[in-house]
Each structure stands twice: as structure tokens, then as C-alpha cells.
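Note that the structure is a prediction, hence the values are computed from the model and not measured.
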Amino acid sequence: MMLRDAVNDYIAWRRAHGAKFDSGARLLYLFLEHVDGSIGCDTVVQADVLDFLAGRGPLTRYRANKYGALAGFYRYAISRGYLTRSPLPARNSEPRRSRSVPSYVYSRNELQRLFDAIGISRRGSHQIDADTLRTLPLLLYGAGQRFGEARRPTLGDVDLPDALLTIRDTKFYKTRLVPVCPKLADALGAHAAKRAERPFPKGTASTFLANRDGAPLAERTTRTAFAKLLKVAGIGLPGDGRRAPCLHSLRHAAAVHRLESRYRQGADVQRLLPALSIWLGHTKLDGTRVYLSMTPELPRQASVRFDAYVNEGDNHE
């Protein structure tokens, strides 16, 4: 069977079983371009796969993602009799990345600088205006959303009277409801009033966040606009080994700042993790627990509590 046909069959099979499989499909299509998809499934040799996996840059998680996409495809292809043996190298022979780079978490001061710089950064813009660029990070930080979740909701998904957001088609192919605080609800209401002045290409199915012409926000254009905002705000690549700040860093800040605030109030943050996990839309608690290690305030607050406990004990003696 032709490799391209087998890949298309596999992608269709994954989606028929409920998976979005968008990123996996993109990687497999890149593989087809790399080896020429018109060849037979059994023509690909390990050297072809290794060259595709290696790429042209330093070792990153991208290699592991490519390996995972190919591994799933070749298991499927062998089960269907398209070939008898996978050309993939053994998984235990794959190079391992060094320890993952810590994610960036905006400080509260940096968040203020970001919002203060929005008007300047949007001067002369043709697609994304200042109001939209202000509402997007509010959703990422104030509602803990992923970028894709924030730009997809329609007008009907934003329930302003009940201060409730419906998040559909999430990373894990689920839908969840996210309540918003009164302050964020007011900000969303103000944006909705301005959004009403723009076109609605699909009526109530039009996106809540949109370009000046009413079209949905494009990922590339939005990331470019945010990169310019970071530059205007004076927030650049940190020199402490963390990743570069980006849109997704707002979601990290949302989780970390909430843990810090509750810890200062005396709450047991471990017991708060399940609720935070649901709010963030995680399927496993491990994905939420990582924020404990990203919260430098917790050790400091623990020290303050311990000192207070010791001093209080001394006062009672």
C-alpha cells in the first residue's frame, strides 16, 4: 500500500474513534513530505526515519512528539498488514533531553506593565485592536484558559448574566464550564459592547474575540501582536534559564498566583489542587501539581508561618 494512503487511513481511524489528532496528523504529513508519500509502506528504512527525527536543530521535545506520532502509525499499519516490521528505532535507543526548562511566570508587576503597554503597542494596527488584545490576556489569566480555548468561543458561549464561559473542543476533546469573577465579567461585558459594533460573519456563532472585520483571531497574527506587546512592555528573555515569556505564560501565572494567594490566607494548597485542576481543564492531577514547584512564594510563606509558630510558642512560655 502507498504510504500516503496508509497515513490517511490511520488519521481517519483515529478521528473516527474520538481523537482530534490535529498535531499528530501534522507531524505525519511532514513525514510524508520528508520521505515522499508516494512510496510503498514497506519501502521506508530506518535511515529515513532517523533523518526525519533528527531535524536540523538541537534536541527538543519535538523529536519525542514525532517519534510518538510515527509509533502510533506503524502499530496501526502492522496490525492492518500494510507491512510486517516497523522502521522505527527502539524507543530505549532514543536520545533523552536534558531536564526540561522551567516555564515563565509573569510577576504581578509585569502583568501591570503588559496591560499598560497595550494601547501603545496597538497604534496603527489593522487587525487586532487594543480592546481585543486586552480582553485576550484577561481570559488567559482571569479564567485560566489556553490560548486556543480563549479565541474559539462564540458569542453564545459567553454567558454574561450568569458570568459563565463554555469552553468547547478543549485540548482533551471535552467541554467545561468556567465561572468568572465579577471583575472579569464586567470586563467581558465592556468588550461585548464594543464587539457588537463589528461584523458578525456567522451570526451568534461568530467568535467573541475577533479582528476588526469580525473574523476569528488567527494564531500567527495574535502571537505576533503579543510579541510586540512584550517588547513595548520591556519584558524579554529571562537570564535565569527559564523559557521565553509568551501567551501561555499567562495561564501559568493564573495558577501560580492563585496558589500563592490561598497559601497566604492559610489554606492547604495540596487540598486545593483538585479544584484548580478542574478549573484549568486538566485530566490528571499531576498536570496541576507541577505548579507547586513553580511557586517560589510557597517556601517563603512556609518560613514565615514557621517563624510565627515558633515566636507564638515562645510567647506562651
Side-chain angles (χ1 to χ4, degrees), residues 23 60-62 65 97-118 133-152 165 167 170-172 176 178-181 183-184 187 209 217 219 222-231 233-265 267 269-270 272-302:
S23 59
T60 66
R61 185 176 177 79
Y62 189 45
N65 292 341
R97 288 191 308 151
S98 57
R99 187 177 179 182
S100 60
V101 179
S103 298
Y104 195 89
V105 177
Y106 296 107
S107 68
R108 288 175 171 79
N109 176 267
E110 287 175 327
L111 290 175
Q112 188 61 56
R113 285 160 51 193
L114 272 178
F115 285 104
D116 289 344
I118 287 175
L133 191 61
R134 182 176 295 105
T135 307
L136 173 61
L138 282 175
L139 284 170
L140 299 181
Y141 180 74
Q145 293 184 319
R146 303 176 180 90
F147 171 48
E149 295 173 348
R151 69 188 180 101
R152 282 195 301 266
L165 303 175
I167 312 300
T170 69
K171 179 179 180 180
F172 301 103
R176 73 180 191 276
V178 179
V180 298
C181 67
K183 192 172 182 179
L184 178 55
L209 296 180
L217 298 181
E219 180 173 354
T222 307
R223 292 191 186 279
T224 299
F226 191 76
K228 182 178 180 181
L229 172 60
L230 286 171
K231 186 175 181 179
I235 303 173
L237 185 67
D240 55 6
R242 287 180 296 166
R243 298 177 187 175
C246 62
L247 274 168
H248 199 65
S249 304
L250 289 160
R251 176 172 155 93
H252 295 324
V256 168
H257 291 175
R258 278 159 178 76
L259 286 174
E260 289 177 348
S261 296
R262 295 304 299 274
Y263 194 82
R264 291 193 201 104
Q265 296 168 8
V269 293
Q270 288 284 356
L272 292 173
L273 288 180
L276 182 62
S277 182
I278 293 172
W279 185 68
L280 291 169
H282 288 162
T283 58
K284 296 181 180 179
L285 199 58
D286 286 346
T288 312
R289 189 173 287 113
V290 70
Y291 287 115
L292 292 175
S293 63
M294 295 167 60
T295 311
E297 181 72 11
L298 294 189
R300 289 196 292 269
Q301 289 295 325

Nearest heavy-atom contact between Ile167 and Gln145 is CD1-NE2, 2.5 Å
Taking all non-hydrogen atoms of both residues into account, name the closest pair between Ile118 and Leu133 and its distance.
CD1-O, 3.9 Å
Stacked cation flag Arg243 on Tyr104, 6.0 angstrom / 45 deg
no
Which pair of heavy atoms, one from Pro245 and one from Pro238, lies closest together, and at what distance?
CD-CD, 3.9 Å
Nearest 0.5 Å, please: how far is CG in Leu136 from CG in Leu250?
8.0 Å
Please evaluate residues Lys228 and Thr224 with respect to the criterion side-chain contact (heavy atoms from CB on, under 4.5 Å), reporting the C-alpha separation (whole Å), side-chain torsions for both, the decisive distance (0.1 Å), and the verdict.
CA-CA 6 Å; Lys228 182 178 180 181; Thr224 299; 6.0 Å; no
As an exercise, state the distance from CZ of Arg262 to CG of Leu276, rounded to the nearest 0.5 Å.
10.5 Å
Is the distance from the ring center of His257 to that of Tyr141 below 6.0 Å?
yes
Rounded distance [0.5 Å steps], CD1 in Ile235 versus CG in Leu114:
4.0 Å
Could you list the residues that satisfy ring-ring contact (aromatic ring centres under 6.0 Å, His included) with Phe147, not counting sequence neighbours?
none
So Tyr291 and His282, would you call those rings parallel, tilted or perpendicular, with 30° and 60° as cut-offs?
parallel
Quick check on side chain to side chain contact (heavy atoms under 4.5 Å, CB included): which of Leu111, Asn109, Val105 does Ser107 satisfy it with?
Asn109
Side chains of Arg176 and Glu149, heavy atoms from C-beta outward: is any pair under 4.5 Å?
yes
Residue set satisfying ring-ring contact (aromatic ring centres under 6.0 Å, His included) with Phe226, at least two apart, ordered chain then number -> none
